[in-house]
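Take a look at the structure below.
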Amino acid sequence: MSRALLIIDVQNDFTEGGALAVAGGDAVAAGITAFLSAHATDYTLVLASRDWHDADNDNDGHFAAGEPNYVDSWPVHCVAETPGAAYDPLFETTAVTHHVRKGQGANGYSLFEGTTDDGEQPGVVLAQAGILDVDVVGIATDYCVRASSLDAIAHGLRVRVLTDLIAGVDAEASDAALAELAHAGAELATSERNA
């Protein structure tokens, strides 16, 4: 077996009640927990990413100085060591093998831009474990799920996005992101089709 699960940004600030809440975020958190309870052993590795932004700077323009444009500048969110950066309580992390922090002083959309708690790059971790296939779940479809999936493809991995375990900021943008991923070679599936 050489499959990994990439869980993207299931954090308090991205679920209901958070600074950048995504509708359906809590349902995704609970759905991923249920999925892991049945399928964690199907994966060699389970990587979970979190935005982990610096508190003392704008993270390379990611935090808006004034009014955010919600495209490449945002309200303050997922500041390191704050409740907003913590995993959503509906997401049970016991099966996670590697926790990845990203966006430390930068935008950090992709899991591949982060580092594990041991300071390793996710791409290296996956390669060293002989991973060839990844499933991608999490938040948000049109931003960090999209960026992480495209980077996984760029790393030569076969990508499957489990569409019932993701949630996006904008429905139209999320549909466009999924179409882009499919065009780039990702498979769009549901968690019921997990092999």
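Positions are given from 1, in the same order as the sequence printed here.
Residues Val96 and Val124 are members of separate hydrophobic clusters, defined by side-chain heavy-atom contacts under 4.5 angstrom among Ile, Leu, Val, Met, Phe, Trp and Tyr. No continuous path of ILVMFWY side-chain contacts below 4.5 Å connects Leu132 to Leu150, so the two sit in separate hydrophobic clusters. Criterion: ILVMFWY side-chain heavy atoms under 4.5 Å apart, direct or through other members. Under it, Tyr70 and Val22 are part of a common hydrophobic cluster. Under the 4.5 Å side-chain heavy-atom criterion for ILVMFWY residues, a single connected hydrophobic cluster contains both Leu6 and Val125. A single hydrophobic cluster is seen to contain both Val100 and Ile153, as judged by linkage of ILVMFWY side chains at heavy-atom distances under 4.5 Å, directly or through other members.
Asp142 places no side-chain N or O within 3.5 Å of a backbone atom of Gly168 that could act as its donor or acceptor partner. Judged purely by atom type and a 3.5 angstrom limit, Asp51 has no side-chain atom pairing as donor or acceptor with the backbone of Gly103. The backbone N or O of Asp60 sits less than 3.5 Å from a side-chain atom of Asp58, completing a donor-acceptor pair. Gln104 places no side-chain N or O within 3.5 Å of a backbone atom of Asp54 that could act as its donor or acceptor partner. In terms of modelled atom types and a separation under 3.5 Å, the side chain of His183 and the main chain of Ala179 share no donor-acceptor contact. When atom types are taken as modelled, the side chain of Asp170 and the backbone of Ala173 share a donor-acceptor pair closer than 3.5 angstrom. Side chain of Gln11 to backbone of Tyr87: no donor-acceptor contact under 3.5 angstrom is found.
Nearest heavy-atom pair, Gly84 versus Cys78, reported as atom, atom and distance to 0.1 Å: O-SG, 3.9 Å.
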Checking Leu5 against Leu47 for the side chain to side chain contact (heavy atoms under 4.5 Å, CB included) test, could you report, in this order, the C-alpha distance in whole Å, the side-chain angles of both residues, the deciding distance, and whether it holds? CA-CA 6 Å; Leu5 180 66; Leu47 281 69; over 6 Å; no
Tyr143 and Asp9: side chain to side chain contact (heavy atoms under 4.5 Å, CB included), yes or no, with the steps? CA-CA 11 Å; Tyr143 290 94; Asp9 299 0; over 6 Å; no
For the pair Leu178 and Val161, evaluate side chain to side chain contact (heavy atoms under 4.5 Å, CB included) and give the outcome as yes or no after the intermediate values. CA-CA 9 Å; Leu178 291 175; Val161 179; 4.2 Å; yes
Ile166 vs Ile139, test: side chain to side chain contact (heavy atoms under 4.5 Å, CB included). Steps then yes/no. CA-CA 6 Å; Ile166 56 176; Ile139 305 169; over 6 Å; no
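Atom CD of Glu187 sits about 8.5 Å away from atom CG of Asp135, to the nearest 0.5 Å. Atom CD1 of Ile8 is separated from atom OG1 of Thr141 by 11.0 Å, given to the nearest 0.5 angstrom. Rounded to the nearest 0.5 Å, atoms CZ (Arg160) and OG (Ser149) are 12.5 Å apart. Distance check: Ser110 OG to Lys102 NZ gives 7.5 Å after rounding to the nearest 0.5 Å.
Proximity of Ile131 to Leu45: side-chain heavy atoms (C-beta onward) are separated by under 4.5 Å at one or more points. Counting only heavy atoms from C-beta outward, the side chains of Phe112 and Leu126 approach each other to under 4.5 Å. Side-chain contact between Val46 and His98 is absent, with no heavy-atom pair separated by less than 4.5 Å. Contact annotation: the side chain of Val136 never approaches that of Leu162 to less than 4.5 Å [non-hydrogen atoms, C-beta and beyond]. The side-chain heavy atoms of Arg3 and Val134, taken from C-beta on, include no pair separated by under 4.5 Å. At a threshold of 4.5 Å between non-hydrogen side-chain atoms, the residues Thr190 and Thr163 count as touching. Residues Asn12 and Phe14 form no side-chain contact, since every pair of their non-hydrogen atoms from C-beta on lies 4.5 Å or further apart. Put simply, the side chain of Ser49 does not reach to within 4.5 Å of the side chain of Ile7, judged on heavy atoms.
Using cut-offs of 30° and 60° for the angle between ring planes, the His53 and His77 rings count as perpendicular.
At most 12 heavy atoms of other shown residues, nucleotides or ligands fall within 6.0 angstrom of atom CD in Gln121.
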Throw together a table of side-chain donor-acceptor distances under 3.5 angstrom for residues 28-36, partners on residues two or more places apart or in other chains.
| from | atom 1 | to | atom 2 | distance (Å) |
| --- | --- | --- | --- | --- |
| Thr33 | OG1 | Ala29 | O | 3.2 |
| Thr33 | OG1 | Leu90 | O | 2.7 |
| Thr33 | OG1 | Glu92 | N | 2.8 |

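Residue pairs that meet the salt bridge (Lys or Arg N to Asp or Glu O under 4.0 Å) test with at least one member in residues 110-124, sequence neighbours left out, are Arg101-Asp117.
Taking the ring axis of Tyr109 as reference, the NZ or CZ atom of Arg146 does not stay both within 45° of it and closer than 6.0 Å to the ring centre.
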